[in-house]
Amino acid sequence: MSQNLIIMDKLSRWLHLLPALIASLIDIAISVFHQPKGYWAGNLNEANEGNPIGALFMENHVSGLFVISGIEVLLIIVLGYYLPTRISRYLLLFVLIAHSCAASTWISSRYGFWYTMALALFNSLTYLIANDLIKKRSAMKS
């Protein structure tokens, strides 16, 4: 395999990762932004997190949300990049949908329906654009 084809394959793998990573980072940012001031002041009982694993981390330390988020992002990157392509695509689509849903619970209750729809549109477009770019790269290989 030529060096260009190897680079294209690596770029395609990163393009597959992007929509899931973007959705994850949006969800994480919204979760951080909407924690009560008391939580950031050290009252861990005020943690507001729907994910039971995230909530467990947050109940133990103020930085728990960052720790679990870092672990999750690292897992998404490692698994999404190194798993076989078909399995990786299923996993990354699941991550995209799961984080879109999770972020939408924060958004809909605070900003309303249309902001939730805007998030869904944005995440859908990132997925479709990434797939189109991957298809174009694949066609260039042929």
Side-chain angles (χ1 to χ4, degrees), residues 1-40 43-142:
M1 186 181 287
S2 75
Q3 187 65 23
N4 286 342
L5 291 179
I6 293 170
I7 291 170
M8 279 194 227
D9 183 50
K10 289 180 179 181
L11 288 173
S12 292
R13 288 197 170 273
W14 281 107
L15 285 171
H16 275 298
L17 284 165
L18 276 178
L21 286 174
I22 291 169
S24 299
L25 294 174
I26 289 170
D27 184 26
I28 291 165
I30 291 170
S31 296
V32 168
F33 181 74
H34 287 291
Q35 290 306 310
K37 289 180 184 177
Y39 176 76
W40 297 118
N43 184 353
L44 302 179
N45 293 325
E46 289 191 33
N48 185 1
E49 179 56 45
N51 176 338
I53 298 169
L56 178 67
F57 273 73
M58 291 174 70
E59 290 168 3
N60 287 295
H61 199 275
V62 154
S63 65
L65 178 57
F66 299 108
V67 171
I68 192 62
S69 296
I71 291 168
E72 181 185 10
V73 167
L74 187 60
L75 277 172
I76 291 167
I77 291 170
V78 169
L79 294 175
Y81 190 87
Y82 290 107
L83 283 174
T85 303
R86 186 177 178 111
I87 295 169
S88 172
R89 291 184 70 207
Y90 289 132
L91 170 71
L92 294 170
L93 180 59
F94 167 75
V95 169
L96 173 72
I97 292 169
H99 277 287
S100 297
C101 290
S104 74
T105 63
W106 288 105
I107 293 171
S108 65
S109 64
R110 286 162 180 81
Y111 305 105
F113 175 80
W114 292 112
Y115 285 91
T116 303
M117 292 299 103
L119 175 69
L121 176 62
F122 175 79
N123 285 341
S124 298
L125 288 174
T126 61
Y127 180 81
L128 292 171
I129 290 167
N131 273 334
D132 286 347
L133 290 171
I134 291 164
K135 284 181 184 177
K136 285 179 185 176
R137 290 187 176 284
S138 180
M140 288 172 48
K141 284 187 203 180
S142 304

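The basis for the numbers below is simple: all heavy atoms, side chains too, and nothing from hydrogens, waters or symmetry mates. By convention here, the first residue in the shown sequence is residue 1.
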Quick one: list whatever passes side-chain hydrogen bond (donor to acceptor under 3.5 Å, both in side chains) with Asp132, sequence neighbours left out. none
Nearest 0.5 angstrom please: [X] [atom1] to [Y] [atom2], how far?
{"X": "Lys136", "Y": "Asn131", "atom1": "NZ", "atom2": "CG", "result": "12.0 Å"}
{"X": "Ile26", "Y": "Ser31", "atom1": "CD1", "atom2": "OG", "result": "11.5 Å"}
{"X": "Arg86", "Y": "Tyr90", "atom1": "CZ", "atom2": "OH", "result": "3.5 Å"}
{"X": "Ser12", "Y": "Leu17", "atom1": "OG", "atom2": "CG", "result": "11.0 Å"}
{"X": "Ser104", "Y": "Ile30", "atom1": "OG", "atom2": "CD1", "result": "9.0 Å"}
{"X": "Ile107", "Y": "Asp27", "atom1": "CD1", "atom2": "CG", "result": "8.5 Å"}

Over all heavy atoms of both residues, which pair between Val95 and Ser24 is shortest? Give the atoms and the distance, please.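 Smallest heavy-atom distance, with atoms named: CG1-OG, 3.5 Å.
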Can you sort out the partners of Asn43 under side chain to side chain contact (heavy atoms under 4.5 Å, CB included), two or more places apart, ordered by chain and number?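 By the side chain to side chain contact (heavy atoms under 4.5 Å, CB included) rule, Asn43 matches Asn45, Glu46.
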Set of side chain to side chain contact (heavy atoms under 4.5 Å, CB included) partners for Val73, sequence neighbours left out: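 Here the qualifying residues are Leu21, Leu25, Ile28, Ile77.
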Distance-only donor-acceptor pairs under 3.5 Å for side chains of residues 114-125, two or more places apart:
| from | atom 1 | to | atom 2 | distance (Å) |
| --- | --- | --- | --- | --- |
| Thr116 | OG1 | Ser108 | N | 3.3 |
| Thr116 | OG1 | Gly112 | O | 3.3 |
| Asn123 | ND2 | Ser100 | OG | 2.8 |
| Ser124 | OG | Ala120 | O | 2.7 |

When you measure from the side chain of Gln35 to the backbone of Asn48, do you find a donor-acceptor pair of N or O atoms at a distance under 3.5 Å? yes
Please walk me through it: do Asp9 and Arg137 pass side chain to side chain contact (heavy atoms under 4.5 Å, CB included)? CA-CA 8 Å; Asp9 183 50; Arg137 290 187 176 284; over 6 Å; no
Does the side chain of Tyr127 come within less than 4.5 Å of Leu92's, by heavy atoms?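 No, every pair of side-chain atoms sits at 4.5 Å or beyond.
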Just grab all the side chain to side chain donor-acceptor pair (under 3.5 Å) pairs involving residues 68-83, residues at least two apart or on different chains.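 Non-adjacent pairs meeting side chain to side chain donor-acceptor pair (under 3.5 Å): Glu72-His99.
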Only pairs under 3.5 Å count here: list side-chain donor-acceptor contacts from residues 49-62, not counting sequence neighbours, and write none if there are none.
| from | atom 1 | to | atom 2 | distance (Å) |
| --- | --- | --- | --- | --- |
| Glu49 | OE2 | Asn51 | N | 3.2 |
| Asn51 | OD1 | Ile53 | N | 2.8 |
| Asn51 | OD1 | Gly54 | N | 3.3 |
| Asn60 | ND2 | Leu56 | O | 2.7 |
| His61 | ND1 | Ser63 | N | 3.0 |
| His61 | ND1 | Ser63 | OG | 2.8 |

